[in-house]
Amino acid sequence: PSTSLDDATLAATAALVLLSPYTPMLFMGEEWGTRTPFQFFTDHEEDDLARSVSEGRVREFAGFGWDADEIPDPQAAETVEASRLRWDELNEAEHIRMLAWYQALTTLRRNLDWSQRTAWPQVDEIDDVLMVTYDDIVVAANLSGQERPAPALSTVLLSWDPFDAAAPSLSPGQTLIARRCRGCSWRTRGKTCRSPRPNRLTSAQKGRYLVDTMQSPARRGFVYPPR
């Protein structure tokens with residue numbers, strides 16, 4: 001996907017995969033947004049088998065409208081060489097940022113005990129904004145290319161781009177993970193609520209508030225990975 005998608009879309013994909021109710025699986029280099037293609041290659045020593053594989057690949061892709069000279073030969077050395085990861089990409093700013101995003105997402109997943117969750121989320125798409133809503137967490141990705149209202153939230157745990165809680169909106173390409181506004185419907189858009197002050201809570205509520213506050217990954221520096 002990284003060969004055809006921009007970084008913002010890759011960041012949205014990562015959040016949706018790593019914070020889905022499934023066991024996430026990543027392909028090599030995906031965690032830093034590598035641009036290296038992974039092409040099908042083989043190393044058959046039998047001439048008949050090698051020729052059959054190469055010719056079969058051409059026939060297969062011809063059915064999708066590919067020209068024969070555009071189809072990598074599985075038996076060619078350059079095909080496997082083109083598929084080798086470029087580890088030097090990890091020194092480039094855009095890949096450093098993507099790796100930091102994946103690290104923040106996996107840390108957030110662990111801190112929220114994501115693997116222990118059993119409830120399925122509500123999934124909605126409104127004006128090209130994809131929202132995955134759990135009882136306490138919302139994942140929002142703006143794929144519209146335009147500024148959109150943000151979902152109702154209380155605390156931003158992680159965001160791909162800087163997020164201004166005073167003017168809650170999703171910039172083009174923005175992905176954020178936040179605690180839901182507990183008193184708001186998931187359908188409420190463009191509103192940000194504040195966590196209640198502890199002195200307005202009962203003793204039991206104060207204990208829950210302090211636990212939530214201390215456990216929030218946002219308090220541990222996982223909001224907005226550096227570029």
Suppose we screen for salt bridge (Lys or Arg N to Asp or Glu O under 4.0 Å). Which residues come up paired with [X], at least two apart in sequence or across chains?
X	result
E94	none
E89	R86
D43	none
D7	R35

For F61, all residues meeting ring pair (Phe, Tyr, Trp, His ring centres under 6.0 Å), sequence neighbours excluded: W66

Non-neighbouring partners of F41 that pass ring pair (Phe, Tyr, Trp, His ring centres under 6.0 Å), sequence neighbours left out: F38

For E147, give me all partners under side-chain contact (heavy atoms from CB on, under 4.5 Å), at least two apart in sequence or on another chain. S169

With sequence neighbours left out, the residues meeting side-chain contact (heavy atoms from CB on, under 4.5 Å) with A15 are W101, L105, V139, T175, I177

Sequence neighbours excluded - ring-ring contact (aromatic ring centres under 6.0 Å, His included) pairs with any residue from residues 120-140: Y22-W120, W114-Y134

What pairs meet the side-chain hydrogen bond (donor to acceptor under 3.5 Å, both in side chains) rule with one or both residues in residues 67-82, with sequence neighbours excluded? T42-Q75, S54-D73, E81-R84

Can you list, by chain and residue number, the hydrophobic cluster partners of V138 when the side-chain cut-off is 4.5 Å? none

For D113, check side chain to side chain donor-acceptor pair (under 3.5 Å) against everything at least two apart and list the hits. none

